[in-house]
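Structure, as structure tokens:
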Protein chains: 2
Amino acid sequence: MSIIETVEAEGSEAVSLHQRILSDISEKILSGAWAPGHRIPFEHELTAEYKCSRMTVNKALSQLAKAGLIERRRRSGSFVRRPQSQAAVLEIHDIRIEVEALGLPYRYQRLERLQRRSSAEDRMLLELATSGPVLALEGLHFAGRRPFAHERRLINLAAVAEAGEEEFLDIAAGPWLIGRVPWSEAEHRIRAIAADDHIADALDIEPGAPCLVVERRTWSAEHPVTHVRFTYPAESHTLVARFRPSQG
Amino acid sequence: MSIIETVEAEGSEAVSLHQRILSDISEKILSGAWAPGHRIPFEHELTAEYKCSRMTVNKALSQLAKAGLIERRRRSGSFVRRPQSQAAVLEIHDIRIEVEALGLPYRYQRLERLQRRSSAEDRMLLELATSGPVLALEGLHFAGRRPFAHERRLINLAAVAEAGEEEFLDIAAGPWLIGRVPWSEAEHRIRAIAADDHIADALDIEPGAPCLVVERRTWSAEHPVTHVRFTYPAESHTLVARFRPSQG
DNA sequence: ATGGCTATTATGTATATACATATTGAGACG
DNA sequence: CGTCTCAATATGTATATACATAATAGCCAT
């Protein structure tokens, strides 16, 4: 009897063998058919099963290993890993996109613009070692007539000198920076706060009302570029993060 | 002359060629040396530069393409992509781990446990099509003597029948579920709320105080498994998400 | 028994090769 | 002048092969 009959599963539209091996195995793991700790077949066994070379199998398994689904041990084989910590991919979009996705007209309005030597607080926010020129901005993002988010931003002018010439009157610094400065790393901090008087006034909500705060620090090739703090009124905003075990 | 001189660059600790190509190119892109739109050298050029086979170069470039740093076009070459939307990886740990990382003793305490047929609300939360048995749990996570987080959970007993036999008196359902049920997909929603009387009472904070809410829905092989809502007092909790352009 | 040596085994990395496929550019032709 | 065809080109996928490396199992000598 033939071990495999290359069954052309209905609906299979010319996926590569490599993809097929990958999804077959992911499926077995995620469905629970192969529990954590289970030893998955050796490369040479899969080679026989899929009638392909070891390189092809190896590529698929290496990918699964990098994705964290399996763990490979020399001489012993490959094993299904137990889920570690929940890792979710959080997409943080441009606020304009978010607002327009709601079908509302978007507008940005600058509240303040200040160029100065970095204060101690600035340096802490930017994780800057030495003092230097920074640009401090404050502005509001509107969805229709209502304030959608408040933005408070610091830009390290040592890293982005051209920003010093920009007014940022009705364009937000975010989109301006993207495309101009390649960013290599970013850190987000997400938390809840009670609106202080200043924020409450800007967002037209009650002082003390809960707000979602997203802070982002961005580096480009080791240099701090910008620190920004978005404050959203609680009702207006939910962040959605999805986890789907990576595979191909 | 020798075709290859295996130059052991100082500080290079036996990384594979593949890794070296990968990090070289990432570095060029992330430092801005190669701006978005820039055409990176053809495979055969890199082959010459690194004195290696096309397969090795190809593997590295394919990986960069999957990571989203470059875009590959047949006949035209490979190009640096412009940054799309900010995607951050959010790690959501077990609460016990978080608490213990703070150096505080951890404790879980059940507040309520109720087994019932799913209500309309339950079905909405679980995204369940048909009615069936569910387990509703409510509990508190303590850091030392202070409440650290409030948990409200629904478990779909059709998917995890054994959960019906568990009391969950002093162990949280999260760790119990992990390891028992392989989960293939999860969705997180993060937002800020004002504490209602019930939450305020449980967490020992003022009604109306801002809280961070993390909701998670989990599926295993298409079947809804559980929906959980964690509520953290604002002071106690900040989510940190990091983006680092994936590479090897 | 205990320690150390060796052969075996599975994975890790790289090569040369082959053919498929999408896209483009140039030249032929109406 | 448009468009049609064909060859050239860069990437996509797969193969067979080779040698390196890490871990283990078994054996042997002390």
Side-chain angles (χ1 to χ4, degrees), chain A residues 3-4 6 8 12-26 29 34 37-81 247-248, chain B residues 2-9 12-26 29 34 37-81 247-248:
Chain A
I3 309 225
I4 297 202
T6 339
E8 289 291 323
S12 96
E13 312 108 16
V15 278
S16 65
L17 230 174
H18 161 245
Q19 275 299 321
R20 214 180 100 217
I21 299 176
L22 229 151
S23 52
D24 276 11
I25 297 182
S26 312
I29 295 174
W34 289 350
H38 178 268
R39 209 208 75 227
I40 78 175
F42 295 127
E43 292 189 351
H44 72 264
E45 295 176 295
L46 292 171
T47 280
E49 186 177 334
Y50 288 95
K51 297 199 198 306
C52 67
S53 75
R54 187 168 80 88
M55 275 305 297
T56 303
V57 169
N58 179 285
K59 219 174 144 190
L61 292 189
S62 302
Q63 202 168 320
L64 283 172
K66 182 146 10 124
L69 274 190
I70 68 173
E71 182 189 342
R72 315 199 69 192
R73 285 201 290 273
R74 283 176 157 152
R75 171 69 217 243
S76 311
S78 304
F79 300 84
V80 178
R81 292 219 315 183
Q247 58 113 312
Chain B
S2 75
I3 309 231
I4 300 198
E5 345 180 29
T6 339
V7 183
E8 288 290 323
S12 96
E13 310 109 18
V15 278
S16 65
L17 230 174
H18 162 245
Q19 274 300 318
R20 215 178 99 217
I21 300 176
L22 229 151
S23 51
D24 276 12
I25 297 182
S26 311
I29 295 175
W34 290 349
H38 178 268
R39 209 210 74 225
I40 77 174
F42 295 127
E43 292 189 352
H44 73 263
E45 295 175 291
L46 291 171
T47 281
E49 186 177 335
Y50 289 95
K51 299 199 196 305
C52 67
S53 75
R54 187 168 81 89
M55 274 308 295
T56 303
V57 169
N58 179 284
K59 219 175 143 188
L61 292 189
S62 302
Q63 202 168 320
L64 282 172
K66 182 146 13 134
L69 274 190
I70 68 174
E71 182 188 343
R72 315 199 70 193
R73 285 201 290 275
R74 283 175 159 150
R75 167 69 217 242
S76 312
S78 304
F79 300 82
V80 178
R81 292 218 320 181
Q247 57 114 311

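Residue numbers start from 1 in every chain, and the chains themselves are labelled A, B, ... in the order their sequence lines are given, proteins ahead of strands.
Glu71(A) places its CD atom 16 Å from the P atom of dA22(D), with the value rounded to the nearest Å. Straight-line distance from the CE atom of Met55(A) to the P atom of dA14(D): 11 Å, rounded to whole Å. Atom NZ of Lys59(B) and atom C1' of dT15(C) are 12 Å apart (whole Å). Atom NZ in Lys51(A) sits about 13 Å away from atom P in dA16(D), given to the nearest Å. As rounded to whole Å, 13 Å separates atom C1' of dT15(C) from atom CD1 of Ile21(B). Taking atom CD of residue Glu45(A) and atom P of nucleotide dA10(C), one finds them 8 Å apart after rounding to whole Å. Rounded to whole Å, atom C1' of dT11(C) lies 13 Å from atom CZ of Arg39(A). Leu64(A) has its CG atom 15 Å from the C1' atom of dT11(C), to the nearest Å.
Direction change of the helix axis from one end of the helix from dA1(C)-dT30(D) to dG30(C)-dC1(D) to the other is 0°, with five pairs defining each end axis (rounded to 10°).
Considering only side-chain N and O atoms, Thr56(A) lies nowhere under 4.0 angstrom from the phosphate OP1 or OP2 of dT13(D).
Looking at Ile25(A) and Leu61(A), their side chains come closer than 4.5 Å, going by heavy atoms from C-beta outward. Within the 4.5 Å cutoff, the side chain of Thr56(A) has no heavy atoms near those of the Tyr50(A) side chain. Within the 4.5 Å cutoff, no side-chain heavy atoms of Arg72(A) are placed close to those of Phe79(A). Inter-residue side-chain proximity for Ser76(A) and Phe42(A) is flagged as unmet; no heavy-atom pair is nearer than 4.5 Å. Val57(A) is listed as a side-chain neighbour of Cys52(A), based on a closest heavy-atom distance under 4.5 Å. Using a 4.5 Å heavy-atom threshold, the side chains of Val80(B) and Leu69(B) count as separate. For the pair His18(B) and Arg20(B), the minimum side-chain heavy-atom distance is 4.5 Å or more.
A salt bridge does not link Glu45(A) to Lys51(A): none of the charged side-chain nitrogens sits closer than 4.0 Å to a carboxylate oxygen.
In terms of the salt bridge (Lys or Arg N to Asp or Glu O under 4.0 Å) criterion, Arg74(A) has no residue partners (sequence neighbours excluded).
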With sugar-phosphate taken as primed atoms, P, OP1 and OP2 and all else as base, the protein-contact string of nucleotides 4-12 of chain D at under 4.0 Å (heavy atoms; B, S, -) is ----BBBBB
